[in-house]
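Here the structure is laid out as structure tokens; the discussion comes afterwards.
For the numbers below, each heavy atom of this structure counts, side chains included, while hydrogens, waters and symmetry mates do not. For ligands, and for the atoms within them, numbers begin at 1 and follow the listed sequence.
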Amino acid sequence: MTSPRLRADACPGALQTHSAADGELARVRVPGGLLTAAQLRALAAAARDLGDGALEMTSRGNLQLRGLAPGAARELGDRLAAAGLLPSETHERVRNVLASALTGRAGGLLDARPWVAALDAGLLADPALAALPGRYLATLDDGRGDVSGLGGDVGLLAMSPSSVALLLAGEDSGLRTGPSDAVGLLLTATRAFLAERDAQGGTAWRLAELDDGPARVAARVAARLGGARSAPVAVPPAPSLGPVGAETQADGRTALIGVVPLGRIAAGQAELLASLTGEVQLTPWRSVVVPDLAEDRVDDAAVDLHRTGMVFDAASPWARVTACAGRPGCARSLADVRADAAAAVASGAVPDETRVHWAGCERRCGRPRGEVLDVVATADGYRVS
Ligand code: SF4
């Protein structure tokens, strides 16, 4: 069997927008979820001037702007390029890179941030890689095991400070390298994916969609690099919840990690975040890491952010509740799922220790991986399953 895909993916980008019921939708790739304060300010201004006034977080740590007027994508593109958020028009949709939350600041076996920069540069430097699908995902795990289970096509998982495993479709390939050669190995695997896709004559969007994809891509990589393979190890499953609250960094400063209810960052909230620190990290759990805070600034920062709706209590239902766009943003939706999810949280109707995903139709966009209670709108009301 070859890939069942008959067409190229139509994932939105910053320039290739998607027409939604509430206007054009643009998706801005944020490799590693890492944004400087200046970039966050530029995004907040764009959301306010061109969109619906907010930034929407995705499960891949990217950001979306909704409600754009027809033709606004060009001005958005100019603003993003000026802020360093659109380094290439040809490769903008292929920069899907998840990195461990807090990497380089607290926990982990190494700092994955240099990998993020090197991978992004490597993707942009190769014209052939513009052909990657917009859904292709790389995970860069510093050894804490938080992003390796999140459905990457290719991934790096630090096994020790000096040994890194190459993951293919979320499984260990047995191929190993050192940290400084790891991004090169990942790029070799990415080119092998495209070569195998061509060989199978399909338009697969994901490595796992190829016939025997992980094994064939691993064989192509091994043939190029030579060398023995290690016995594959089990890849840690994705944690159901990300970190929330305060973490002491290795340098003694503090990182605050706040959940953004339903992943919607208001422009003013983004500006407040930008005023507190030089760089933030967006996480796949729809939270934001606010790092590098001096001890005497932590409490005030948490109070100010909490006033804007951010949540720092890991036991809050907001750490477990997600929703798709729903009405009025999505024409397919049978309900305003975000309003209904918020009402459920406010009334205490969310069961303890259970992740709940609200969706306006059976597609269940944005559903987290793993065990989740689905609340799906139907013509007859919500179905809970
Ligand atoms: S799950 Fe359905 S209603 Fe929700 S965003 Fe996706 S297509 Fe739209």
If you compare all heavy atoms of V260 against all heavy atoms of Q269, which two are closest, and at what distance to 0.1 Å?
CG1-OE1, 4.5 Å
Taking heavy atoms and a distance under 4.0 Å, where does R364 meet ligand 1: side chain, backbone, both or neither?
backbone
What protein heavy atom lies closest to atom 8 (Fe) of ligand 1? Include the residue and the distance to one decimal.
C330 SG, 2.3 Å
Atom 7 (S) of ligand 1 has as its nearest protein heavy atom R332 CD, 3.5 Å
Verify, without hydrogens or angle tests, whether E56 (side chain) and R27 (backbone) share a donor-acceptor contact under 3.5 angstrom.
no
Answer yes if the side chains of D374 and S385 hold a donor-acceptor pair under 3.5 Å, and no otherwise.
no
For S333, the atoms of ligand 1 under 4.0 Å from one of its heavy atoms are 3 (S)
Looking at E209 and R135, is there a salt bridge between them, counting it only when a charged N and a carboxylate O are closer than 4.0 Å?
no
min-distance protein heavy atom vs atom 6 (Fe) of ligand 1 -> C365 SG, 2.3 Å
List ligand 1 atoms under 4.0 Å from G360, heavy atoms only on the residue side.
3 (S), 4 (Fe)
Protein contact to atom 4 (Fe) of ligand 1 [nearest heavy atom, distance to 0.1 Å]
C324 SG, 2.3 Å
In plain terms, say whether R66 and D52 are close enough for a salt bridge, that is, a side-chain N and a carboxylate O under 4.0 Å apart.
no
Report the residue from L86, L35, T58, L65 that forms a side chain to side chain contact (heavy atoms under 4.5 Å, CB included) with V28.
L65
What residue and atom, counting heavy atoms only, is the protein's closest point to atom 2 (Fe) of ligand 1, and at what distance?
C361 SG, 2.3 Å
